[in-house]
Each structure stands twice: as C-alpha cells, then as structure tokens.
Amino acid sequence: MYYGVAYYPEHKTVEELEHDLALLIESGINTVRMGEFAWCRMEPREGVYDFEWLMRVVERLGEAGIKSIICTPTACPPAWLVSAHPEVLYVDNRGRKRPFGGRRFYCYNSPVYREYSRKIAEQIALRFGHSPYVAGFQIDNEPAQEASGRCHCPECRRKFAGWLADRYGSIHEYNLRSGNIFWGQDYDSFDQIEPPVNTIEVSALQDMPVYYENPTLRLEFERFCSQSQIEYQNIQADALRAHTDYPVTTNGTGLATNSIDYYESTKALDCYGFDYYPGLRDAAVDSFPYAFARGIKEGKPFWVMEFMSGGGHRFGGSGRVQPNPGALKQAVVQSFAHGAEMMLHFQFRTFPFGAEQLNYAIVDMDGVPRRRYFEMQETAGLLKHLEPLEKAGFANQAAICVDYDTHWALRIKPVNDPDFVYLDYAGRLYRLLEEQGINVDVVGYEADFSKYRLLIVLSAFVVSDEFREKLKSFAAAGGVVLATFLTAAKNKDNVGYTDSLPAGLNDLFGVTVEEVEPVFAQNHTAVRLDLDGETCESADGCWCDLLSGSAKPLGTYTEDYKAGGMIVSENGYGEGLGCYLGTDLSDEALGKLLSYLAGRAGIEKNKVLAAPKIETVRRVLEGREYYFVFNFTAKAAQVSIQVPMRDYLTGELYRDRIPLERNGFAVVAAEPEENA
C-alpha cells in the first residue's frame with residue numbers, strides 16, 4: 001500500500017525544506033504527493049519551464065525509498081496566463097466572471113485553457129514520466145470543486161447548444177421530448193437555448209426559484225458539464241500517457257459533491273482517486289465511500305489522495321477536533337481493508353499563510369513531531385505486515401445500485417427535501433446491511449450483476465428501457481431485486497412516464513402504484529411487516545407509494561384510510577424475486593426486512609457477529625476467510641465469533657470472542673478445522 005502525505009516544497013525556505021525532508025524520511029512512509037498548485041513555479045513565464053526544484057525533492061525522497069505522485073497544476077493557472085488570455089476565466093450561473101486569485105477560476109471548455117493545460121501536462125510527463133522515483137500522476141485537483149463545474153461563459157453556451165443539437169437532432173424533437181409547450185417555452189432553434197440559471201452545485205448561489213426552469217434542460221446541462229469536465233481531464237491524461245506508463249488519475253470529492261459522473265470519468269483513468277475527510281474523534285468512519293470507490297472500476301483498488309490528519313483550524317473557518325490516539329492508524333487500516341491501494345494524509349505540515357493557513361496537518365507549523373507524526377510512523381510499519389493481504393479479494397453477494405442521472409434529477413426536482421437525499425439514503429441502507437453482518441458492494445447501473453444474489457435499486461427515479469430489462473434478467477436468473485419508492489417514475493429525458501408506476505416494471509414486482517404522497521411529521525401512518533411469521537411494527541417515512549397487485553404483501557398499513565393497503569411486496573419472477581418497498585421504515589424494521597431478503601437470496605452472514613458500532617470487512621485469500629474488525633464504540637469491546645479465529649498480527653487464537661481496544665482493530669483469519 002502506498003502510504004504518505006501531501007507536501008508543498010514550493011512553500012519552503014532551504015532550511016525548512018531540509019528539516020521537513022529529514023522528518024519525511026524518518027517517518028517510514030513510502031509516498032508523497034506534490035505539485036498541484038505550483039504552475040507559477042513550473043512555468044514562471046510562458047514557454048519557460050523550471051522543474052529542477054521539484055526534481056531535486058523527488059530524487060532526494062526517492063533515494064530514501066519514498067515514491068512521488070506528481071500532479072498537474074491546472075487548478076491554479078499563473079497570473080501571466082490570465083493576463084494574456086482573460087477569456088479563460090470562469091463565468092458563474094449569475095453571469096459573473098471570476099477574477100484571478102484563489103483557485104478553480106478557469107473555464108474547462110476554453111480551447112485556449114485546454115491547450116495550455118495540455119502543454120504543462122506534457123512537460124511534466126517529459127520530466128517525470130520515466131523517473132524510477134515516481135509512482136503515478138494526478139490530474140488537476142478536485143475538479144469542479146468550489147462551485148466551478150457549471151460555467152456559463154460564451155464558449156460553454158455555444159457548446160451546450162451543439163450538445164443538444166447532437167443529442168436530439170432537431171429542435172422539434174427537443175421541444176417534443178422535453179415538454180417545452182408547458183408555459184409556452186418552445187424554441188425555434190438550438191441557438192436560442194440558454195444554460196439554466198439554477199444549479200445543484202454545492203455552495204453555488206441561485207438567482208431565481210428552482211421550479212421555474214425545465215427539468216429536461218437542467219438534467220441535460222448537468223450531463224453536458226460532467227462530460228465537458230471529462231473531456232478536459234482526458235486531454236491531460238492523453239498528454240501524460242504519451243510519455244509515461246505510470247498510473248494516471250485525479251482526485252474527486254465525495255460521491256457527487258462536484259457533479260461529475262465518476263463511472264464515466266474514470267473509464268480513461270487507471271484507477272479512481274478521491275479525497276475523504278471523516279471525523280476521527282469518538283466517531284465511526286463511514287465506509288460507504290470506500291464501497292462506492294471499489295465499484296467505480298469494477299472492484300479495482302482505489303487511491304485516497306487526501307485524508308484527514310489532525311485537528312485545528314479548517315478551510316471554512318470552523319475547525320476540526322483532534323483524532324483520538326490510535327484513530328489515524330485505525331482509519332488507515334480500515335481503508336486498506338476496503339480495498340485502498342493508496343492513502344495520503346492532507347497534509348504533512350501546517351500552512352502559516354494563504355487561504356488554508358493554520359490548517360490541520362500531521363506536523364504543526366513549528367515543525368516539531370508530536371503524537372500524530374509518531375502514529376503515522378507506527379502505521380507505516382504496520383502496513384508492511386499487512387501487505388500480503390492486499391491480494392485478498394472481496395466475495396460480497398449483495399450490492400446497492402446508484403446512478404448519477406437519478407442523483408441529478410432528484411436534486412433538480414427534490415422529493416420531500418431535505419428529509420430524503422438519494423445518496424444519503426443509499427449510505428443508510430449500506431450501514432443497515434453491515435449491521436446485519438452482510439458486506440455490500442456499491443455499483444453503477446452498467447456493472448455486471450451476475451456475481452450478486454441481492455440487488456438493491458433504491459429510488460431509481462430515472463430509468464431506461466435497457467436497465468429495466470437488465471433487472472428482469474437478473475431476477476429471472478435467480479436473483480432477488482429490492483426496489484424502493486420513487487422507482488421508474490421518469491424516462492431518460494427527465495420526463496414522467498405516463499404508464500402506471502413503477503413504469504415497465506409492474507410484472508417484475510407484481511404491483512401497481514395506486515397513489516403517492518410525501519410523509520411529513522404530521523402524516524406518519526403505522527405499518528406492520530410480516531416476514532415469514534416474524535412481525536415488526538413501524539411508522540412509514542419520507543414517501544408513500546401505496547401498492548396494489550398480485551404480489552405477496554410483506555408490509556401493510558394498519559390504520560387510517562390506508563389500513564390493509566400493501567406497502568412492501570414480494571413477487572416471484574422466473575427463478576428469483578422482485579420486491580418493492582413503498583416507503584421508508586425505522587432502522588429496526590428496515591434492518592429486519594434487509595436480513596429477510598438476504599436470507600431469501602441465500603446470502604451467508606459474516607462469522608464475526610454483527611454488533612453496534614463494530615464494523616467487519618470480510619476478504620478471501622486462497623480460499624481462507626480474513627476479517628478486519630474495527631471498534632468504533634469509543635470504549636474497549638469484545639466481539640463474538642462463530643468459529644475459532646487466529647490473529648494475523650499476533651498469532652493468538654480466539655475461540656469465542658475477539659477483544660478490541662478503544663479505537664482498536666483486529667485482523668483475524670478463520671482457523672482451519674484441523675487446527676481449531
């Protein structure tokens with residue numbers, strides 16, 4: 001595993017650099033990421049390149065066994081470029097041009113900026129593409145972050161009109177499919193179409209109420225901007241690959257913070273890379289982003305390019321608390337357990353200046369190594385012992401499907417906002433399955449479903465004909481499909497289906513949605529689940545798809561005019577099952593439903609028994625099961641096991657329980673019967 005930090009040698013005096021390099025070498029880490037904001041030093045004047053300062057650091061670290069990730073610096077164009085070409089500047093959704101300063105103030109569609117970006121990427125590859133001390137390259141930094149992913153400049157407006165013309169062929173077809181006749185919004189030509197004023201970007205400011213704009217136009221603009229970002233990224237990827245065989249990636253932010261379709265964007269990259277900043281003080285580190293990362297490129301290892309390091313000040317001004325002793329080590333091993341091939345802390349030493357001054361880091365501004373540094377040093381040594389387990393695979397039999405069109409559509413026209421957030425709900429289902437002892441993958445709609453037995457398709461708001469047939473084929477072959485409320489409500493144009501819902505899937509689920517409504521605090525209604533004789537009571541939540549049909553009712557309403565109405569269903573389809581959840585339920589009820597469906601799918605639960613705030617990750621190597629067990633309870637704990645297990649790190653044999661320290665973890669292997 002690549003383990004290390006982000007570092008900024010361009011900030012340092014000669015003395016500071018010598019001090020830091022000595023600490024980096026002594027720390028035991030094996031990777032440093034550099035260069036993402038240093039264009040003004042790499043190309044101080046147009047066409048004049050200077051990489052010697054960076055090469056000296058790469059070589060010094062490399063000779064000590066530390067590899068470098070070299071970044072293209074295109075998140076921060078130099079002042080000379082902007083002065084010569086002000087047309088490259090970003091224009092936000094309110095028509096305001098961003099000035100030089102800060103970061104991410106460029107237009108990703110600008111032909112001029114794309115060419116300058118290609119040239120600097122090419123020069124970086126020429127200098128570092130064959131260095132034995134380089135492990136790979138990162139393109140740009142956090143693309144589309146800081147509300148910079150939905151440019152409205154003249155170039156973007158022109159390209160967007162062309163994008164629509166290519167997709168729809170004629171303006172008549174676009175008017176027809178998008179329902180522009182509503183409010184008399186038909187266009188005469190694509191040149192008349194303006195990008196939507198509203199945006200779902202985090203931190204962006206709106207200029208008009210969101211419901212004034214056509215949902216088709218808004219979804220197409222999300223798709224267009226995502227694809228534009230991917231085009232811009234791939235220009236740099238191609239420039240790098242022309243001169244290197246090292247891996248090339250970029251660093252996304254969250255699952256959808258920047259509204260780029262990662263399933264598409266990583267097709268031209270060697271791995272998925274992202275940044276992750278969980279809390280590490282008496283808090284469980286959510287592993288849903290890791291499962292999502294693992295599914296982006298069909299199970300390939302992923303890179304965490306920035307990860308939490310410590311407490312103190314924060315970019316936004318509030319701050320972060322310090323991690324508990326042991327929490328950094330625990331979090332790094334957790335990422336390893338979930339398939340990370342790289343984990344880099346942001347950052348090595350606290351900045352004394354700039355927008356991120358006084359920020360969190362491994363080492364404070366004074367350069368004195370303290371608790372976090374020594375824990376990083378200990379973690380680096382531990383990873384060497386765990387290295388053989390990198391080859392262990394995942395054998396998860398349940399998967400949650402997520403989709404960017406659905407995410408975008410549900411942000412463009414929210415349903416019961418803010419109570420229902422699509423990706424948050426996906427994360428909740430993931431955690432509830434984990435609490436039942438079932439490890440889960442997170443995959444896109446294009447994934448190969450054949451290795452799974454249980455497939456959860458949550459709120460598939462926007463579905464295509466192809467995806468509907470894919471779900472039916474999965475169930476017909478013996479799989480169990482669980483769909484949740486709001487499934488198959490819209491087509492790919494973000495227009496509602498006029499068929500009975502769930503449109504085109506009535507036969508799979510054996511139900512028709514009779515009526516729908518949001519569920520607020522004042523209109524909760526009681527539901528009873530009957531799961532093969534085990535009953536469970538719950539209030540409904542968030543939304544109601546009231547069902548009718550030939551399916552077996554697993555859940556029914558017990559009061560009000562809905563009494564007796566079906567809300568959870570099970571339907572035989574081919575060799576498998578189609579199940580529909582028409583509302584949200586309490587954690588207890590939803591957990592029992594998920595456990596029941598896993599049993600119907602024939603999924604075997606983990607042999608380390610599920611417990612509150614204890615996470616278990618199962619891996620398989622050469623037919624032997626290995627379990628990574630993490631204690632997030634904020635106190636010492638013991639976890640029951642079904643079979644004897646041997647501690648991979650200490651060799652100790654556990655027969656019925658595994659002891660875990662506060663912020664502790666264990667790596668254990670199921671003991672062969674002859675040794676048990």
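Here, residue 1 is the first one in the sequence, and each next residue gets the next number.
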Other residues, nucleotides, ligands: >12 heavy atoms within 6.0 Å of Q322 CD: yes
Presence of salt bridge, R431 and D286, under 4.0 angstrom: yes
Aromatic ring proximity F274/F292, centre distance under 6.0 Å: no
Cation-pi geometry met for R624 and Y626 (6.0 Å, 45°): yes
Ring-ring centroid check F394 H338, cutoff 6.0 Å: no
Gap separating the CZ atom of F307 from the CZ atom of F346, nearest 0.5 angstrom: 14.0 Å
Counterpart residues, salt bridge (charged side-chain N to carboxylate O under 4.0 Å, His left out), relative to D364 (two or more places apart): R370, R372
Minimum side-chain heavy-atom gap L585-L529 below 4.5 Å: yes
Side-chain ion pair, K300 and D270, N-O less than 4.0 Å: no
Test: E375 and K329 ion pair at under 4.0 Å: no
Ring centre gap for Y277 and Y360 strictly below 6.0 Å: yes
Short N-O contact, K592 and E534, less than 4.0 angstrom: yes
Electrostatic pair R33-E306, nearest N-O below 4.0 angstrom: yes
Ring centers of Y430, Y290 separated by less than 6.0 Å: no
Pair E570 + R600, salt bridge at N-O below 4.0 Å: yes
Side chain proximity check, E615 to F632, heavy atoms < 4.5 angstrom: yes
Residue among L454, I456, L455, I603 satisfying side chain to side chain contact (heavy atoms under 4.5 Å, CB included) with V480: L454
Residues K267, E446: salt bridge by 4.0 Å N-O rule: yes
With Y445 via ring-ring contact (aromatic ring centres under 6.0 Å, His included) - residues at least two apart: F467
CA sep, side-chain torsions, deciding dist, call: R320, H313, side-chain contact (heavy atoms from CB on, under 4.5 Å): CA-CA 6 Å; R320 287 188 169 104; H313 291 258; over 6 Å; no
Sole residue of F461, F420, Y580, F509 in ring pair (Phe, Tyr, Trp, His ring centres under 6.0 Å) with F485: F420
